[in-house]
K.L.:
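Sharing a structure below in structure tokens format, with a few things to ask.
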Number of protein chains: 2
Amino acid sequence: MRAILGSRTGSGVAMGRQGASSRDVAALAGVSIGTVSNVINRPDIVAPRTRSKVEAAIQELGFVPNASARRLRGASTRTIGVVVPDVSNPFFTDLARGAEDKANEADFLVIVCNSDESVIKEEHYLSMLEAQQVDGICITPASRTSLQKSPTFKRLMERKVGLAVMDGRLRGVDACFATVDDVQGGAMAAEHLLELGHRSFLWITGPDSIPQCYDREMGIRSALENAGLGREALTRVEVQAMSADAGVAIGEALVQDGLRHTAVICANDLLAFGCLRAFLEHGIRVPDDISIVGYDDIDFARVAAVPLTSIRQPRRELGRTAAQMVLAQCTDSESVPPREVIFQPQLVVRESTAAPKAGT
Amino acid sequence: MRAILGSRTGSGVAMGRQGASSRDVAALAGVSIGTVSNVINRPDIVAPRTRSKVEAAIQELGFVPNASARRLRGASTRTIGVVVPDVSNPFFTDLARGAEDKANEADFLVIVCNSDESVIKEEHYLSMLEAQQVDGICITPASRTSLQKSPTFKRLMERKVGLAVMDGRLRGVDACFATVDDVQGGAMAAEHLLELGHRSFLWITGPDSIPQCYDREMGIRSALENAGLGREALTRVEVQAMSADAGVAIGEALVQDGLRHTAVICANDLLAFGCLRAFLEHGIRVPDDISIVGYDDIDFARVAAVPLTSIRQPRRELGRTAAQMVLAQCTDSESVPPREVIFQPQLVVRESTAAPKAGT
DNA sequence: GGCAGGGATTGAATCGTTTCACCGTGCGCA
DNA sequence: TGCGCACGGTGAAACGATTCAATCCCTGCC
């Protein structure tokens, strides 16, 4: 009476477009399909003899449970999404890598999505992740405000998909946050330069809609204010893409204009690299003629043409923490994970900063 | 008689742990569930009026088809896996990013896996990807030989999962390959240095099991041979991890030993960076005292302390091509995609190489 | 020896979608 | 008027695993 249960590919080494199914395993082991499921999910409740029979069958057929079917029946897909602006920015690479490490420890897979800071792409990815039935999402939002308005995002929240925002906070959103204190980081950069004696600053940053940029600027401004400087002490230049190329472009423009500041603070190391390169190519000496501070302290900061003073962020740790939060939400179901972890940035002084020249 | 079909959450704005299902949409639009499916998959065969009714219902409920259910019924998951040694190596970052770009254009999602060059981790990831029912896999194998032996890999092949090997070839495997001619690349590096007059080389490389390392070394050796040099002209140093830190360690050791070569060729830019840094810290001048050639030409190569001469690879293009091949295999079903694309590397000369000092 | 109880296993229902055989309806044509 | 056909739409089966109520079997106890 069990003969009828054969797989569509026969009972031997079941192969074809699809691998072996639990039916095949059950047939080969001479048990019911439910027992196979038990062996996989609750091995302890299965009698040792039965268990080893089933395990042998699983081995022989090379059976791997179909995650789609599993998910359909309510189980987890063991998959999380990671949405970042651009993994080719080393900062986000490390964020993603950290998240992947943590996920891997829990046997989860990671779907990586690059939003390229486009709200539209982000929204699109979110809905694909929803369709994929991911268990959770770690996201660095493309914008400070638009995510909250996204219908997909709202649905995701309502469906109680695990959610952790990396490196940024969202007003009025009930999610976990793994952030670095960007206001503090901005202040650190400014204070370092103030201590060296600088009084005139150039701030190269991305669009104001990027929360990190916004916060860092706030930190810089408050530090300058505390030092008794007026708003005119800080000149603000905004770039569209926070890339090395953009940094080069700005650096070139600055050189053309004649340098009017003694110090440059960049919203990330990539910009700083570009800027540095443009300066050096035009014979401007760093830090003698001008100081540069980067942000992120990516691995390459220390091997730059002039090793870069930068604000270090615990990048991998940030990703790990976010993944941890997401996993906690979707694994331990009702245990409430810490809602917010704020890391402190760290000033790393290298050779790109020094006291301004006397004559300035 | 259709009343019985309500969703478990009622007929209004259906919400809960799960989003709205096609049943909900069907109920709201007053059509059958099959019609909803038709609207989604073959809109052309549905009458315009019906179609717009259904589309309105989809909108209202925020319906997103469940990919698991879809897949279960034989459709694609619209997901591919990308397995690389380590995305925090910029070379692989770009490979992954290229693949993601291409996948995104076709509305596919990418699952990124870091094997850390561990055959065990690689195998584990492969079986998770199998369970996820990915449509295809782009992989840079952790080893030259072990993948062919992996049972999971064999199953994957038999199941006709789309497969593309990035940056490496596998003996006796029937898959697509997107590679760069590493033998040629190694030769280019050596020839450049030979032309400058170098005769004594140090080759810093990863384990021989890594195909790229192996091939590059072959290229170097044949170039030296062609130049009439014996095997003793090349000293080989092997590191476990091809990271900047490993480069620093080697660099330090070299300095301790006293430099016996006039040129160093590194199997990747990270090693070159580390080496460069160690040299500079000990007052050794590059390229005056010693020349360094990297490999990959990552973005940072040109902004290094001494801009690095390197062998450029079309990184993103490689990833894009691999993804393209995989997608072709799983989309156009029977159209045979090009089996192999070989890109040519390119020598980029910067400031880290020069003729050896006269007295050497 | 019979029965209660508990551990092991089974079988059927279920998840949400796709697919396909089938059914009405209305129209053109003989 | 009646036949056949095309078009739109329906409904049920199927995909592969999980879950849980039901069943079976064995052991130990009275």
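We name chains A, B, ... by the order of the sequence lines, and we start the count at 1 in each one.
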K.L.:
Can you tell me how far C1' of C/dT17 sits from CZ of B/R23, to the nearest Å?
P.N.:
11 Å
K.L.:
Figure out the CZ/P separation between A/R71 and C/dC15, and round it to whole Å.
P.N.:
13 Å
K.L.:
Polar atom pairs between nucleotides 18-20 of chain D and protein, under 3.5 Å, N or O only, would you list them?
P.N.:
unit_1	atom_1	unit_2	atom_2	d
D/dT18	OP1	A/N41	OD1	3.4
D/dT18	OP1	A/N41	ND2	3.1
D/dT18	OP1	A/R70	NE	2.6
D/dT18	OP1	A/R70	NH2	3.3
D/dT18	OP2	A/S37	OG	2.9
D/dT18	OP2	A/N41	ND2	3.1
D/dT18	O2	A/R73	NE	2.8

K.L.:
Rounded to whole angstroms, how far apart are CD1 on A/I58 and P on D/dG16?
P.N.:
16 Å
K.L.:
Counting heavy atoms not belonging to A/I45, are there more than 12 under 6.0 Å from its CD1?
P.N.:
yes
K.L.:
Keeping to residues at least two apart or across chains, list the side-chain hydrogen bond (donor to acceptor under 3.5 Å, both in side chains) pairs with something in residues 42-53 of chain A.
P.N.:
A/N38-A/R42
K.L.:
Out of C/dT10, C/dG16, D/dA17, which has the shortest distance to the side chain of A/S21?
P.N.:
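Minimum distance to the A/S21 side chain belongs to D/dA17.
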K.L.:
Take B/L72 and B/V46, find for each the nucleotide of DNA chain D with the closest heavy atom, and name the residue whose nucleotide sits nearer the 5' end.
P.N.:
B/V46
K.L.:
Apply side chain to side chain donor-acceptor pair (under 3.5 Å) to B/R71 and B/T79, showing your working.
P.N.:
CA-CA 11 Å; B/R71 167 65 206 175; B/T79 294; over 6 Å; no
K.L.:
Are the side chains of B/Q132 and B/T77 in touch, meaning some heavy atoms are under 4.5 Å apart?
P.N.:
no
K.L.:
Just checking A/E105: does its CD atom have more than 12 heavy atoms from other residues, nucleotides or ligands closer to it than 6.0 angstrom?
P.N.:
yes
K.L.:
Is it true that B/R155 and B/E158 make a salt bridge, defined as a side-chain N closer than 4.0 Å to a carboxylate O?
P.N.:
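No, this pair does not count.
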